[in-house]
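Structure record follows, encoded as structure tokens.
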Amino acid sequence: MTSLVGHLINGKIVTDADKTQDVFNPSSGEVSKQVALANRATVNEAIAAAEKAFISWRNTPAMKRARVMFKFKDLLEQHSTKICDLIGQEHGKIAHDAAGELQRGIENVEYACCAPELLKGEHSKNVAPGIDSWSEMQPLGVVAGITPFNFPAMVPLWMYPMAIVCGNCFVLKPSERDPSSTLFIAQLLKEAGLPDGVMNVVNGDKEAVDALLFDDRVKAVSFVGSTPIAEYIYSTSTKNGKRCQALGGAKNHAIVMPDADVENAVAQLLGAAFGSSGERCMALSVAVAVGDEVADLLVQKLSKSMKNLKFGAYTDSTNDFGPVITKQHQQSVINHISSAEKQGANIVVDGRDAIVSGYENGFYVGGTLIDKVTPQMDSYKAEIFGPVLQIVRVATMKDAMSLIDNHEYGNGTCIFTRDGEAARYFSDHIKVGMVGVNIPLPVPVAYHSFGGWKRSLFGDLHAYGPDSIRFYTKRKTITQRWPSTGVREGVQFSMPTLS
Ligand code: NAD
């Protein structure tokens, strides 16, 4: 009998479910749990709890809201081993990688602790004689988050700490594929002092998502996931009058210039392509080699280093990466490799037949290196989201940049070079939202904001950091006069001005 992962509604775990789904341990391939899939009525309950809690939460002083986040940060640190283990069980991430994900999430909680400073607003005295004016940031009400499987701790933490310190109440719909760490973390908020109903979690599939998107009480939706779903969430939310930010998929290219320190580029590429089995929206999945000389050197050094890559079960912390998320996804990654081969690319290191002794049914794909990939190939166009690094050879930096600019995604990119002028030109002109110069995973720190360009982000505001204050609040500007007793202004029909 496997245990059931339920929902968190109004401070209580709810496990009633007419629909459930298997949760796998991808390292072993076994079903480890069931997750309850919320129907419309359950989602309604969560929204109603959030709406009720909003009445007093919106008036709770920002300093008190921030104090909850200070305590929450401590609890996340105290429970980090358990959280990383839950991530490993259901995602397959090795403990060192899960710890990195959690730490990045905690940094968003730290940023949320600055709420009193961030929400101060703007004040102007005497905008006209005796008239003062100020702008304040008011919470929206009930806001929702819908998150992907690949960062079950970090991506939700991009959203709700900031939404909550801004005075909103939250309904989170995490990935149904690895729900346990997300639910466990949300429960810590109660221990941190958060009133019931401010934070709610509903597990579920499209039915639960649609219940959020079509409910008038939900004022804003933050989404992170694949591009087709991001587009659906954005168009449906905005059609229904909601504010929406929907972050989608990626295909991140690294340019390796002829003058690059190739040893360093190889080391950086290995981590950024194969870490987390390539299941990161900032993974570097394409190396664009400028010139055949650097391409040959790259292929030779990468294939040599890849012999030392160690993958396997999440329980062995000496592994570099673990399995992919599901059997279907394992097959999809393998199909992409085979398609590249059929379309004429050269499979230099082949991870298709990966077997891990003792875990023969786990969802493994070994590190794969594919050379001589062209932009016409299907494997180049698609987001493979697996431990696969493709090499595209071009003649010039200009060719490399137009390749990147012409791809449908624009999440992250990087240039490896020793030439400052080239790096500056690249970061200034490339049509991508997050750029690294000799930095393979340029994921912005918590006090900047995260977001791609083109079909990697639908909406104007990026995730977390300063943009999240703008996303989770609406501005109100108040202009005020307190006339002295007995003083009366005459009637004025013209537009009021200072002159
Ligand atoms: P996904 O799009 O399949 O799922 C994301 C969320 O949407 C989940 O909560 C899921 O339950 C829900 N969902 C799935 N199908 C739906 C449907 N038809 N209608 C409504 N909701 C639906 O993504 P995933 O496989 O969980 O995550 C991997 C994807 O997320 C990759 O494309 C990756 O690049 C992307 N991602 C992007 C970022 C970013 O910041 N841009 C960060 C992490 C992951």
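As a basis for the values below, the full set of heavy atoms in this structure was taken, side chains included, without hydrogen atoms, waters or symmetry mates. Just so you know, ligand 1 is whichever comes first in the structure, and atom 1 is the first atom listed for that ligand. What you see is a predicted model; the values in this text were computed from it and never measured. In this chain, numbering begins with 1 at the start of the sequence shown.
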Could you check ligand 1 for N or O atoms lying under 3.5 Å from protein N or O atoms and list the pairs with distances?
unit_1   : atom_1 : unit_2 : atom_2 : d
ligand 1 : 2 (O)  : Ser226 : N      : 2.9
ligand 1 : 2 (O)  : Ser226 : OG     : 2.6
ligand 1 : 9 (O)  : Thr147 : O      : 2.8
ligand 1 : 9 (O)  : Lys173 : NZ     : 2.9
ligand 1 : 11 (O) : Lys173 : NZ     : 2.7
ligand 1 : 11 (O) : Glu176 : OE1    : 2.6
ligand 1 : 11 (O) : Glu176 : OE2    : 3.4
ligand 1 : 25 (O) : Arg177 : NH2    : 2.9
ligand 1 : 26 (O) : Phe149 : N      : 3.0
ligand 1 : 30 (O) : Gly225 : O      : 3.3
ligand 1 : 32 (O) : Glu383 : OE1    : 2.6
ligand 1 : 34 (O) : Glu383 : OE2    : 2.6
ligand 1 : 41 (N) : Gly248 : O      : 2.8

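Taking a cutoff of 4.0 Å between a charged side-chain nitrogen and a carboxylate oxygen, Asp371 and Arg393 qualify as a salt bridge.
Applying the side-chain hydrogen bond (donor to acceptor under 3.5 Å, both in side chains) test to residues at least two apart or on different chains, the pairs with a partner in residues 457-469 are Asp467-Arg470. Listed by first and then second residue, the ring-ring contact (aromatic ring centres under 6.0 Å, His included) pairs involving residues 202-252 amount to none (not counting sequence neighbours).
For His329 and Phe363, the ring centers are positioned 6.0 Å apart or more.
Ile94 contributes atom CD1, which lies 10.0 Å from atom OH of Tyr314 (distance to the nearest 0.5 angstrom).
In terms of the ring pair (Phe, Tyr, Trp, His ring centres under 6.0 Å) criterion, His336 has no residue partners (sequence neighbours excluded).
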